[in-house]
Undergrad: 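Dropping the structure in here first, questions after.
Computed from a predicted structure; not experimentally measured. A note on names: the letters A, B, ... follow the listed sequences, proteins ahead of strands, and every chain is numbered from 1.
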2 protein chains.
Amino acid sequence: MPEGDLSPTGKPTINDLARVAGVSLATVDRVLNGRPGVRRATIDKVNKAIADLGYIRDTAAANLARRRVYRLLFILPDAANEFVDALITQVSIQGAQLSHQRTILGARTVPPFDPQAIVAMLDQLSPDEIDGVAVFGPETPAVRDAVTRARARGLAVVPLGAALPRAARYHFVPTDNYAAGRTAARLMGRFIDQPGPVLVITGSRLARDHLERRAGFDAVMTTDFPTLDVLPSVEGRDDPALIQRLLPDILRTVPNLRGIYSSAAGNAGLLTCLERERRRDNLVVIAHELTPVSRRALETGVFDAVISQNAGHLVRSAVRLLKATADQVPFDETQERIRIDIYLQDNMPPE
Amino acid sequence: MPEGDLSPTGKPTINDLARVAGVSLATVDRVLNGRPGVRRATIDKVNKAIADLGYIRDTAAANLARRRVYRLLFILPDAANEFVDALITQVSIQGAQLSHQRTILGARTVPPFDPQAIVAMLDQLSPDEIDGVAVFGPETPAVRDAVTRARARGLAVVPLGAALPRAARYHFVPTDNYAAGRTAARLMGRFIDQPGPVLVITGSRLARDHLERRAGFDAVMTTDFPTLDVLPSVEGRDDPALIQRLLPDILRTVPNLRGIYSSAAGNAGLLTCLERERRRDNLVVIAHELTPVSRRALETGVFDAVISQNAGHLVRSAVRLLKATADQVPFDETQERIRIDIYLQDNMPPE
DNA sequence: TTGAAAGCGTTACCAT
DNA sequence: ATGGTAACGCTTTCAA
């Protein structure tokens, strides 16, 4: 039961609030934006009107009046890594489109596997140059602290790819690496049809996301496919050349390898090596991230499945989260959940 | 090389256009919106200014001034079918959220498998009640014509779920049922480990999407898994009760069935039946759509995989397409492509 | 502590 | 055929 009449549009506006509360537009605005200089009693009157009318701010109009521009920054590792490449590409593509929607996207790279560089980068960011930052990188206490400091300074920060803490009240773009590892294991176990050893190639044995994937992989393997024997991880450091160097020896040493789980980047090396060795006698290969390299491998049948997170979705998600956080408005959780995509040669998206 | 100075904001506005072209705001607006009553020469002047300055209209401001409200309608089959239920739920959830963004979502149902009902529905829609329609239903020439008529009347129309024509210049939310069928076959073939018969349950042998799925399924089976024998489709008419009635006989008749591909709806019947029969000796079951029923089946291991299209994504996509079409602006193709999702028990999204 | 009024980029009505 | 101007819903000086 509304107190007074509403504007013809249906939705109440600040004009309705002003009228109902018996104050001016400016005062309503002050209350709405928590600006100082309003008496307690007046604040209450306005808040009552807000509640009574069920007022909801029109963000588009507010942003227009405010001439608001969202300046968002992506901090990415300077790694020659297909996934990071895809992210950078997406940031630039989407940045071009978003520039017409009062949103400026930027990307800065830091040395990979170097938390201190991220800390330094974060610490030099000021809220009057940047509104929000998406950070893709390893989680360390130092990074976590830098994130906290940045937030305290008024920056919106969202960790990307779940390499950062997933404390409940933080906004972040989540990835469940444990589940990704489990998924890889399930496919591996079901695709392989005889007992034998399985190889896992990881990036760094210290990187949290890699550890999580491995843990998930092992859990399923142990429980559901006990006849398969998972070997200790080989560290490929996301480096195609290194992987290409290491692999031949392993293939020679392990006689009847049944499967390879490439849980990190550097798939080009793996692919080259497998193509050269022509070891496609039932060897099941499962890798991560849908990139030009892995697409080709899926097409030719060298890879059997690819577990992937969509870089485009990740970037869009981060942008929405950053904006929502900057505006202090809630967002749709379910939309921001990043799926664990499974690609076979038959369901790859075109292009 | 810009002709004159731009406004302080960076992006040119209609004020800049007016100044550069030497005309009034009103005239610029007329040209921009293709309204009559402007001399050829004047139009050209304005267009030149637009090109020179690289002007791009601020949709938010335009919508504000215009008090634009998008009234979008979803036409869905009145089928007791999990996927349609999910769509209806999504329309209502997203409708609630979008109501604060000048967007009204509605849904109307028509009898299932009844093209004529869709035609009737479409034909009675007027552009002064509705701006856009998303149609989920069978493709027939009559429907196609009704869509054409609706478009001619000025309505934005997007076919949902690719049951409608995918002519290149139409905007539509695409689904590749053929690829979905292939994907199901690939998983089926790799999951099954001994030769034998495979059953396909379809909805209607006439529905185009079901036919496409079956075609894709057969293609992969024939080529890559010749030791598996795909039986003729059983028509379940998306009806759990019917499926539950039909299945026991079949299971009895076909001695060592290796797999079941449930390519349509009505999974509840399949599940009940399988649970009752306890026929879980290596029977591989692959179904469509992630619903409460299929989630449970995945968790308990009765289903081995589910091929799904995300209803939330589908609805969001349709809304974006409808708005873009109504506004006659381009949209991001890649974002609107609906993936063929594969879910195993390990990578189901929470909830 | 409060209000009036101008302005954000665009549209739309009323003149001319 | 063209221009002036109020208005959309909100923010932001500047005065009072």
Undergrad: How bent is the helix from C/dT1-D/dA16 to C/dT16-D/dA1, comparing axes over its five end pairs at each side, to the nearest 10°?
TA: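 Taking the rotation axis at each end, their angle is 50°.
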
Undergrad: Calculate the interatomic distance between A/Asn15 atom CG and D/dC10 atom P; express it in whole Å.
TA: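 Answer to the nearest Å: 8 Å.
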
Undergrad: Without decimals, in angstroms, what is the distance between B/Ile14 CD1 and D/dG4 C1'?
TA: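 The distance from CD1 of B/Ile14 to C1' of D/dG4 comes to 13 Å, rounded to the nearest Å.
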
Undergrad: Would you classify A/Val23 as touching base, sugar-phosphate or nothing, given that sugar-phosphate means primed atoms plus P, OP1 and OP2, and contacts are heavy atoms under 4.0 Å?
TA: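 A/Val23: backbone/sugar contact only, no base atoms under 4.0 Å.
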
Undergrad: List the steps, then state whether salt bridge (Lys or Arg N to Asp or Glu O under 4.0 Å) holds for B/Asp44 with B/Arg40.
TA: CA-CA 6 Å; B/Asp44 292 341; B/Arg40 185 74 239 171; 3.1 Å; yes

Undergrad: Which heavy atom in A/Arg102 sits nearest to a heavy atom in A/Asn63, and how many Å separate them?
TA: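 So the two residues come closest at NH1-O, 3.8 Å.
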
Undergrad: Donor-acceptor pairs under 3.5 angstrom involving side-chain atoms of residues 94-101 of chain B: please list them, not counting sequence neighbours.
TA:
from    : atom 1 : to       : atom 2 : distance (Å)
B/Gln94 : NE2    : B/Gln90  : OE1    : 2.9
B/Gln94 : NE2    : B/Gly312 : O      : 3.1
B/Ser99 : OG     : B/Ala96  : O      : 2.8

Undergrad: From CG of A/Asp29 over to P of C/dT1, roughly how many Å is that when rounded to an integer?
TA: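 Checked: the CG to P distance equals 16 Å.
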
Undergrad: Are any of B/Arg67's side-chain N or O atoms less than 4.0 Å away from OP1 or OP2 of D/dC8?
TA: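 Result: yes.
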
Undergrad: Between C/dA4, D/dT2, D/dT5, which one does the side chain of A/Ser24 approach most closely?
TA: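 So the side chain of A/Ser24 is nearest to C/dA4.
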
Undergrad: May I ask you to check if B/Arg68 and B/Tyr70 form a cation-pi contact, with NZ or CZ under 6.0 angstrom from the six-membered ring centre and within 45° of the axis?
TA: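 B/Arg68 over B/Tyr70 ring: yes.
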
Undergrad: Above 12 or not: heavy atoms from other molecules or residues under 6.0 Å from CZ of B/Arg153?
TA: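 Yes - once you tally the heavy atoms of other residues, nucleotides and ligands closer than 6.0 Å, there are more than 12.
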
Undergrad: Tell me the interatomic distance from A/Arg19, atom CZ, to D/dC10, atom P, rounded to whole angstroms.
TA: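 Between P of D/dC10 and CZ of A/Arg19: 13 Å.
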
Undergrad: Whole Å only: how far is the CG atom of B/Leu64 from the P atom of D/dC8?
TA: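 Result: 9 Å.
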
Undergrad: Tell me which nucleotide among D/dA7, D/dG9, D/dG4 gets nearest to the side chain of A/Ala65.
TA: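 Selected nucleotide: D/dG9.
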
Undergrad: Figure out the CZ/C1' separation between B/Arg102 and D/dG9, and round it to whole Å.
TA: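 Roughly 8 Å, once rounded to whole Å.
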
Undergrad: Start with the C-alpha gap between A/Val319 and A/Leu72, add the side-chain angles, then the distance that decides, and say whether side-chain contact (heavy atoms from CB on, under 4.5 Å) holds.
TA: CA-CA 8 Å; A/Val319 169; A/Leu72 309 181; 4.0 Å; yes

Undergrad: I'd like to know whether CD of A/Gln124 has more than 12 heavy-atom contacts from other residues, nucleotides or ligands below 6.0 angstrom.
TA: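 More than 12 heavy atoms, drawn from other residues, nucleotides or ligands, come within 6.0 Å of this atom.
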
Undergrad: Can you measure B/Asn63 atom CG to D/dC10 atom C1' for me and round it to whole angstrom units?
TA: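 These atoms are roughly 16 Å apart.
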
Undergrad: Looking for any heavy atom pair under 4.0 Å, which part of the strands does A/Ala62 touch: base, sugar-phosphate only, or nothing?
TA: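 Sugar-phosphate, backbone atoms only, no base.
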
Undergrad: Check each residue of residues 30-46 of chain B for a non-hydrogen atom within less than 4.0 Å of any atom in DNA chain C, then write out the ones that pass by number, or none.
TA: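 Result for residues 30-46 of chain B: B/Asn33, B/Arg35, sorted by number.
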
Undergrad: Counting side-chain heavy atoms from CB outward, which of D/dC10, C/dG7, C/dA12 is closest to B/Ala26?
TA: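 The closest nucleotide is C/dA12.
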
Undergrad: Send over the distance from A/Arg57 CZ to D/dT11 C1', rounded to a whole Å.
TA: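 Going from CZ in A/Arg57 over to C1' in D/dT11 covers 10 Å.
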
